[in-house]
Amino acid sequence: MLRVLAVDDEKPLLEELLYLLRSDPRVHSAEGASDATEALRRVTRALESGPEGPDRIDVVFLDIHMAGLTGLDIARLLAGFARPPLIVFVTAHEGFAVQAFDLKAVDYVLKPVRPERLAEAVRRACAQLGGPAGAPVRSQAPAAAGARPAPQPPQPPLSPHRAVPEVTVADRAADQIAVELGGVTRFVAIADIAYVEAQGDYARLHTDGGSHLVRIPLATLEQRWAARGFVRIHRRHLVALGRIDELRLDAGTTSVRVGAAELQVSRRHARELRNLLMRHATG
C-alpha cells in the first residue's frame with residue numbers, strides 16, 4: 001500500500017486532499033506538509049530510512065504555487081536523489097503541465113480536486129510502482145508458506161502525458177472538442193479555433209476568447225481537422241484557413257496574420273499555402 005506526502009501551503013486545501021487520500025484503500029498513510037522546507041525534511045528522512053523503512057514515502061502530491069520554493073522547485077530537488085519518490089502535481093493552473101512532465105511527474109491533477117480524478121492519480125502511481133492499479137501495492141496478508149504469488153497481468157507503460165486531459169470529440173456534437181480547466185470540462189467549438197500551437201507533445205488551441213492546453217500532438221490534429229480547413233504552415237502551427245486575415249511576403253520570408261497574431265510560414269509550406277488561399281478566395 002502507498003505511503004504518501006501531500007504538500008500545500010493552504011491549510012483547508014491540504015486537509016481536503018489528505019481526507020481524500022486517506023479514504024482510498026490503496027493508501028496506507030497520508031501525511032501533510034505546509035511548506036517546502038517541511039516537505040524536503042520529511043522526504044530526506046524517508047530516503048535515509050530506506051525503501052522499507054518506517055518513514056518511507058512512495059508518492060508526493062505537490063501543489064505548484066507556494067510561498068518560497070514552488071512545487072516545481074521541490075520536484076527538481078527531489079530528482080537529484082538516487083531513489084526519489086514519485087511526483088503528482090495538484091494545482092489550479094493548467095499552464096505548467098509541460099514543465100511538470102519534463103520532471104517525470106506521474107500525473108497532473110487540477111483543482112478543485114475531484115475524488116474520481118485523484119483516485120486515477122493513485123491508480124497510476126500504483127501501476128508505476130509495480131502493483132495492480134486497483135489493489136494495494138503491498139498486500140498486508142502474508143503469503144502461505146511455499147505458495148507462489150499469483151501472476152499479475154502486465155501493466156501498460158505509462159505515458160507521462162496522460163494527465164493533461166485527452167482530447168475527445170463529443171459523440172453528441174462532432175464539431176466540438178472537450179477540454180478541462182480547473183476540474184470543469186468545457187466544450188470548445190472547432191469553428192471557434194483560429195490556430196493551434198505545438199507545445200512539446202501537447203497542443204494549445206487559440207480562440208478569440210483565450211487558449212486551452214490539450215494532450216494531443218499537432219500532427220494528429222492536422223490529420224483530424226484537414227477536412228475542416230486546417231492547414232499546417234510551420235512545424236509549430238496549424239491554422240484555420242478561413243481565419244487567415246493577411247498573407248505577407250517580406251524579403252523572402254512568408255507570414256500570416258490571424259487576428260492579432262502574426263505566424264511564420266516555413267518555406268516548405270509557403271507555396272502550398274498560397275495555392276490553398278487562392279483556391280479558397282476564388283471559391
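- Asp35 meets the salt bridge (Lys or Arg N to Asp or Glu O under 4.0 Å) test with no other residue; sequence neighbours excluded.
- Residues satisfying the ring-ring contact (aromatic ring centres under 6.0 Å, His included) criterion with His65, sequence neighbours excluded, are His93, Phe96.
- In this structure, His28 and Leu2 have side chains that are not in contact, with every pair of non-hydrogen atoms separated by 4.5 Å or more.
- The distance from atom CZ of Phe230 to atom CZ of Arg243, rounded to the nearest 0.5 Å, is 8.5 Å.
- Ion pairing between a basic and an acidic side chain is recognised when a charged N comes within 4.0 Å of a carboxylate O; Arg117 and Glu120 show no such pairing.
- Remark: Leu277 CG to Leu247 CG distance equals 6.0 Å, nearest 0.5 Å.
- Residues Leu40 and Leu62 are members of one and the same hydrophobic cluster, defined by side-chain heavy-atom contacts under 4.5 angstrom among Ile, Leu, Val, Met, Phe, Trp and Tyr.
- In this structure, CG on Asp55 lies 10.0 Å from CD on Glu31, to the nearest 0.5 angstrom.
- Under the 4.5 Å side-chain criterion, counting only non-hydrogen atoms from C-beta, Leu118 is in contact with Phe61.
- The distance from atom OH of Tyr202 to atom CG of Leu218, rounded to the nearest 0.5 Å, is 15.0 Å.
- Placement of Ile57 and Leu18 in two distinct hydrophobic clusters is found when ILVMFWY residues are connected by side-chain heavy-atom separations under 4.5 Å, directly or transitively.
- Asp58 approaches Met1 most closely through the heavy-atom pair OD2-O, 3.7 Å.
- The hydrophobic clustering, which links ILVMFWY residues whose side-chain heavy atoms are closer than 4.5 Å, places Leu13 and Leu5 apart.
- With values rounded to the nearest 0.5 angstrom, Gln128 atom CD is found 10.5 Å from Lys104 atom NZ.
- Here Ser23 pairs with Tyr19 under the side chain to side chain contact (heavy atoms under 4.5 Å, CB included) rule; sequence neighbours left out.
- Taking a cutoff of 4.0 Å between a charged side-chain nitrogen and a carboxylate oxygen, Arg22 and Asp24 do not qualify as a salt bridge.
- In the hydrophobic clustering of this structure, Phe81 groups with Val7; members are Ile, Leu, Val, Met, Phe, Trp, Tyr whose side-chain heavy atoms approach within less than 4.5 Å, directly or through other members.
- Applying the side chain to side chain contact (heavy atoms under 4.5 Å, CB included) rule to Arg76 yields the partners Leu72, Asp73, Gln99, Leu103; only residues at least two apart in sequence or on another chain are considered.
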Side chains of residues 234-241: which donor-acceptor pairs under 3.5 Å do they make with residues two or more places apart or in other chains?
from	atom 1	to	atom 2	distance (Å)
His234	ND1	Arg236	N	3.1
Arg236	NH2	Glu197	OE2	2.6

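- Under the 3.5 Å distance criterion, the side-chain polar atoms of Arg26 are matched with a main-chain donor or acceptor of Ala119.
- Cluster annotation: Leu221 and Ile193 are assigned to the same hydrophobic cluster (Ile/Leu/Val/Met/Phe/Trp/Tyr, side-chain heavy-atom contacts under 4.5 Å, transitive).
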Would you mind writing out the side-chain donor-acceptor pairs for residues 256-271 within the sub-3.5 Å range, not counting sequence neighbours?
from	atom 1	to	atom 2	distance (Å)
Arg257	NH1	Gly259	O	3.1
Arg257	NH2	Glu246	OE2	3.4
Glu262	OE1	Arg248	NH1	3.1
Glu262	OE2	Ser255	OG	3.0
Ser266	OG	Ile233	O	3.4
Ser266	OG	His269	ND1	2.7

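- Here the CG atom belonging to Asp63 is positioned 9.5 Å from the CG atom belonging to Leu14, to the nearest 0.5 angstrom.
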